[in-house]
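These values consider heavy atoms only, across backbone and side chains, with no hydrogens, waters or symmetry-generated copies. In what follows, chains are A, B, ... by sequence order, proteins preceding strands, each numbered from 1. It should be emphasised that the depicted structure is a prediction, and the values quoted were computed from it without experimental measurement.
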Protein chains: 2
Amino acid sequence: MSHTSVPTPTPRETQKARTRCALLDAGLRLLENQSLSSLGLREITRVVGMAPAAFYRHFRDLSDLGVALVEESLGSLHAVVREILEVPDDEAARIERTVETIARYVREHPTHVRFVARERHGGVPAVRAAIGAELDRFADEVAEALAADEVSAGWSAEDMRMLAELYVDHVVMTASAFLDAALGEGPDEESVARTARRQLMLISTGRRYWREG
Amino acid sequence: MSHTSVPTPTPRETQKARTRCALLDAGLRLLENQSLSSLGLREITRVVGMAPAAFYRHFRDLSDLGVALVEESLGSLHAVVREILEVPDDEAARIERTVETIARYVREHPTHVRFVARERHGGVPAVRAAIGAELDRFADEVAEALAADEVSAGWSAEDMRMLAELYVDHVVMTASAFLDAALGEGPDEESVARTARRQLMLISTGRRYWREG
DNA sequence: CGTCCCGGCGAACACCTGTTTACTGAATGA
DNA sequence: TCATTCAGTAAACAGGTGTTCGCCGGGACG
């Protein structure tokens with residue numbers, strides 16, 4: 001297609017990327033049952049089956065691996081968010097679609113979701129910051145998309161922002177609840193979905209009658 | 001007052017309680033910069049200034065100390081919650097009072113708040129469960145108190161519950177945001193308060209027009 | 001008074017940790 | 001073809017860890 005600088009990844013590079021990915025996978029797997037700050041470098045290399053020193057060929061730190069996992073977990077989600085928000089829809093249908101999308105994402109990537117939920121307030125500052133920045137970006141995108149709705153006429157930028165943050169936080173809470181449901185803790189998935197739908201409905205109602213109540 | 005069974009705490013017991021409290025304090029202090037699963041038993045005893053083996057005289061585990069910290073952090077809050085909710089008020093005033101109470105609590109007990117926020121989805125199952133149970137109790141109390149409002153006429157128990165959970169989750173998020181503000185990360189305290197007030201106003205609006213929107 | 005209880009101590013146990021060092025050997029590129 | 005690059009190795013380093021043991025000494029109590 002385009003003869004621009006796509007330098008044909010040499011076999012060596014692909015192999016390096018392969019083991020780097022293996023490290024990330026092993027890390028994510030171990031993080032199902034512990035938090036990043038208690039994860040050991042040797043633990044990971046042992047699972048992958050290589051010498052501890054080789055870890056440094058790919059990451060400086062464990063927190064370095066952590067922020068890489070943040071990208072992997074949240075990076076691919078921006079497209080999904082835009083897709084959900086850009087389709088002009090009946091409001092109820094949009095909520096339904098949103099909740100279903102969250103449920104599916106949690107079902108398909110439970111370890112990533114667990115990682116983000118756990119490390120969002122976890123003990124590793126760099127990872128916390130990376131997650132916070134990514135969630136901020138989500139809030140920006142949501143605010144921008146919501147501003148296009150006719151319901152948002154007359155809303156200040158600050159109000160749009162606070163609404164977007166409310167939505168983003170709610171999505172994170174819902175994802176975490178879905179995760180608990182998938183593991184048998186707490187209510188089952190359908191209950192979580194129903195609660196989430198109603199909460200979103202309630203917020204939407206508040207949004208519609210804002211400044212008039 | 002009452003000559004019931006209050007067995008006059010013997011000097012030995014008070015001393016034991018004293019060092020137990022010292023262990024809890026030291027743990028909480030260390031948990032400012034790390035998570036529970038990475039906290040070392042020896043770290044704590046070193047801070048307190050006693051032999052590692054003495055730890056077992058007070059706690060079986062580190063997770064045991066963790067659930068004790070959960071009680072200490074959240075146990076005293078139920079009275080506060082009831083107090084806020086039981087005063088019949090103008091709605092705006094109630095919101096104002098709620099946000100101010102959260103801000104004050106975070107200011108006065110930052111380490112406890114940080115601990116709860118961090119371990120709520122953290123790596124120690126027992127502590128996670130303890131926090132979850134306590135937050136469930138809060139949701140129960142909020143639901144019960146809100147049901148007394150005239151706005152709640154015709155609300156099903158399930159709807160009350162989903163509203164209460166929305167409030168509780170929002171309070172936790174707000175407390176965490178206040179904490180970030182206190183540490184210079186993110187927006188300052190006044191911005192957090194304004195956002196929180198508006199979000200609560202929006203939810204209240206949604207509540208007022210529920211089932212009519 | 002004498003006995004028991006029990007919180008705290010110090011030492012030792014076996015094990016695991018992150019990091020550095022010098023090295024190998026295959027893919028690389030002139 | 002030959003020199004170079006570099007992902008991965010093995011070994012050693014200096015620490016740290018949780019847990020167990022027997023012992024001490026002062027409050028508790030019959």
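- Taking the charged nitrogens against the carboxylate oxygens, B:Glu190 and B:Arg197 do have a contact shorter than 4.0 Å, which makes a salt bridge.
- With respect to the salt-bridge test (charged N to carboxylate O, under 4.0 angstrom), the residues A:Asp180 and B:Arg128 do not qualify.
- With salt bridges taken as basic N to acidic carboxylate O contacts below 4.0 Å, none links A:Glu43 and A:Arg46.
- A:Leu62 has its CG atom 11 Å from the P atom of C:dT17, to the nearest Å.
- Remark: P of D:dG27 and CD of B:Gln15 are 11 Å apart, rounded to the nearest angstrom.
- Annotation: side-chain contact (heavy atoms from CB on, under 4.5 Å) contacts of B:Glu158 (sequence neighbours excluded): A:Arg194, A:Arg198, B:Ser156.
- Note: CZ (B:Phe59) to P (D:dT19) measures 15 Å, nearest angstrom.
- Rounding to whole angstrom units, CZ of residue B:Phe55 and C1' of D:dT17 are separated by 14 Å.
- Each of B:Met50 and A:Asp61 has a nearest nucleotide on DNA chain C; the 5'-most of these lies closest to B:Met50.
- Ranked by how close their nearest DNA chain D nucleotide is to the 5' end, A:His58 and B:Gly40 are led by A:His58.
- Heavy atoms of A:Arg20 sit nowhere under 4.0 angstrom from any nucleic acid atom.
- Between A:Arg120 and A:Asp169 there is a salt bridge, since a side-chain N of the basic residue sits under 4.0 Å from a carboxylate O of the acidic one.
- For C:dG8, one of the phosphate oxygens OP1 or OP2 lies less than 4.0 angstrom from a side-chain nitrogen or oxygen of B:Thr19.
- Between the P atom of C:dC16 and the CD atom of A:Glu43 lies a distance of 11 Å, rounded to the nearest Å.
- B:Leu41 places its CG atom 9 Å from the C1' atom of D:dT19, with the value rounded to the nearest Å.
- Residue contacts shown for B:Arg46 are limited to sugar-phosphate atoms, with no base heavy atom under 4.0 Å away.
- For the pair B:Arg18 CZ and C:dC6 P, the computed distance is 20 Å after rounding to whole Å.
- Between A:Arg161 and A:Asp136, at least one side-chain nitrogen of the basic residue sits less than 4.0 Å from a carboxylate oxygen of the acidic one, meeting the salt-bridge criterion.
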Scoring nucleotides 20-25 of chain D by protein non-hydrogen atoms under 4.0 Å (B base, S sugar-phosphate only, - none) yields B-----
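- Contact of B:Arg42 with D:dG18 (side chain to base): a donor-acceptor pair of N or O atoms is detected under 3.5 Å.
- Ion pairing between B:Arg118 and B:Glu32 fails under the 4.0 Å rule for side-chain N and carboxylate O.
- Across the protein-nucleic acid pair, A:Lys16 atom NZ and C:dA27 atom C1' stand 14 Å apart, rounded to whole Å.
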